[in-house]
Amino acid sequence: MRTTNFLLSTLKETPADAEIISHQLMLRAGMIRKVAAGIYTWLPAGLRVMRKVENIVRQEMDKAGAQEVLMPSVQPAELWQQSGRWEMYGGELLRMKDRHGRDFAYGPTHEVVITSLMANEIRSYKQLPANFYQIQTKFRDERRPRFGVMRAREFIMKDAYSFHLDQASLQETYDVMYQTYTDIFNRLGLGFRAVDADNGSIGGNASHEFHVLADSGEDAIAVCDKYQYAANVELAEALQLGGARPAASQEMDRVDTPGQHTIAAICEFLSAPIESTIKTLLVKGEEQGSVVALVLRGDHELNELKAEKHPLVASPLTWASDEEVQSAAGCAPGSIGTVGLHLSVTADRSAVNLANFICGANQDDVHLTGVNWGRDCPEPIEFDLRVVVDGDFCARSTDQQDDSRLSIGRGIEVGHIFQLGTKYSEAMNATCLDNNGKAALMPMGCYGIGVSRIVAAAIEQNNDARGIIWPDAIAPFQIVITPIGYKKSDKVKSVCDQLYQQLISLGIEALLDDRNERPGIMFADADLMGIPHRVVIGEKSLDKGQIEYKNRRAEAAEDIAQDAILDFLKSALLKAKIAE
RNA sequence: CGGGGUGUAGCGCAGCCUGGUAGCGCAUCUGGUUUGGGACUAGAGGGUCGUAGGUUCGAAUCCUAUCACCCCGACCA
């Protein structure tokens, strides 16, 4: 491609409404343009990247034995009504009527379409297992689209659905998809993690999210390198800290703490370490009108999702009102404690093993020190209540003496695989005959990849002050040829043209910057667009028989002998490919 | 959906408070000088001031309504 024949819509200035770096760079590099909130046009530079992503996804899905189909983006309401989702789905489902007044929806996902199709197509277990995928435009009417194509309303997704005779077969395909996703993200050249998204109720390996690691990610994830454990922070199990509970060695004592209502204030006031304090939180109980107490070490944070799973706690989690706190504890929040509290008390694992701790006295402006479970107040129910923090032990670890530690990072969810079971096959009556000739509901699996989101996620992970730095596998062009004096020097022109033709004939995607621009502009555009390899051809170096090469990631350029440049580039591309 | 904010040339913004018929930078087009990291110079084109009402002799500016977009939160996967 020659730049004179390519829509190179680069911007020097950053559009005002772009918040995160990938959105800014996609606009500046001329990859996308907004049409409406959360709805974008993909310009040539952007589409080339998206196609690269699609192709890798397609190749790996095919390799895994999945078959490509294409389902409609517009779907009749009847299918959604059959599954009960027409009512359930809510505002995210874009609904519309055709000219006859019939209801339709723009598909946010395709379970109901594929399931009703396969209910007809699959008759025998001999056709199973089967896995079908498509790469399609989806529409989810997000209340608040943001971050460009990262959280758009219309987006491109690869979704796959597998059908099975039994759970064992589903698990097998699930495992294949797990590996396929790993291969895909490796080939894309992205740093990622498979994150345990198991909510515990289904058990096993029922759900994994694949996250591209980036500071701007919307999800916090806990990662342990030693045990290959990664989980959404909200789901990550928090083990006990501090080992077994020491014996009580202090007498309980009352201290006046006027005006001290926060953990930080109490620690300061009493010169006590925060790890020796507990906080007592009152929330509404599952039983109507009841209040239950949740206890955490002073430095820990309540994980609301975990609390909701506690059988005594109302779901969704609701804080007790000030009045309820007053009547249950006899004081205002900030002075609640476990001694003499006539409520069910559940303590986090790391609060249970404390001895001689500090807590409120259930009397305003008074605290207790030297408090011990069992002696001064009843032993609490032990429960995992807290949010894991950086440096916690990994839940996979069996030995707390080892060096496994969780680190907390942020991720962008770009893939999600999960086992659906028979939820949709039941709703759509998708059965096949088993080897006894009996109809059996087909368990299903579902596997999504956010194709358009990957483009943005890749930029979040690969950029610098000058612009995008594409991984080779998804760059819009592999090589950019930047001539110095293309219009002035016949020599420069002919060397550039020749190299360009050679690269093209080798199937290498090269961009020849044949504009009559100053070098600074051409360099800036090439860097902004993130083209991984650049050759600069000018009379000065040609006179020395040299051509300059620079990798987008490299600090400086290097001189290559003119007659060796083609081999050099071929091996540079090959090296990048092997590194994938 | 709740709170906040913004709509003026392709992009970034000023002008609005204190009404007098629109301006700056970048980009674009033409000529000249330039050409190894976003040049210089001379000129040119481009705007229903989001939309609709109202107040006024006169509205980008004041008032009302409405639409769009953005941010924070809630929500969702």
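Residue numbers start from 1 in every chain, and the chains themselves are labelled A, B, ... in the order their sequence lines are given, proteins ahead of strands. All heavy atoms count here, side chains included; hydrogens, waters and symmetry mates do not.
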Do A:R515 side-chain and B:G38 base share a donor-acceptor contact under 3.5 Å?
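Under the 3.5 Å cut-off, the side chain and the base do not form any donor-acceptor pair.
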Once hydrogens and angles are ignored, does a donor-acceptor distance under 3.5 Å link the base of B:G38 to the side chain of A:E517?
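For A:E517, whose side chain was compared with the base of B:G38, there is no donor-acceptor pair (under 3.5 Å).
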Pairing nucleotide - B:U6, Watson-Crick or G-U, each distance under 3.5 Å:
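Partner of B:U6: B:A68.
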Determine: side-chain N/O of A:R518 to OP1/OP2 of B:A39, distance under 4.0 Å, yes or no.
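Yes, because at least one side-chain N or O of A:R518 sits under 4.0 Å from OP1 or OP2 of B:A39.
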Does A:K34 put a side-chain nitrogen or oxygen below 4.0 Å from OP1 or OP2 of B:C70?
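Answer is yes, contact under 4.0 Å.
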May I have the step-by-step check of ring-ring contact (aromatic ring centres under 6.0 Å, His included) for A:Y447 and A:F132, ending in yes or no?
CA-CA 10 Å; A:Y447 320 94; A:F132 302 93; over 10 Å; no
Quick one: label [X] by what it contacts on the DNA or RNA (base, sugar-phosphate, nothing), any heavy atom closer than 4.0 Å.
X	answer
A:R33	nothing
A:T482	nothing
A:E209	nothing
A:R151	base

Minimum-distance pair of heavy atoms, taken over all atoms of A:Q461 and A:V212:
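Where A:Q461 meets A:V212 most closely, the heavy atoms are NE2-CG1, 3.4 Å.
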Look at atom CG of A:D215 and say whether more than 12 heavy atoms of other residues, nucleotides or ligands are closer to it than 6.0 Å.
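Open.
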Could A:K488 and A:E539 be called an ion pair, given the rule that one side-chain N must be under 4.0 Å from one carboxylate O?
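Judged by the 4.0 Å cut-off on N to carboxylate O distance, A:K488 and A:E539 do not form a salt bridge.
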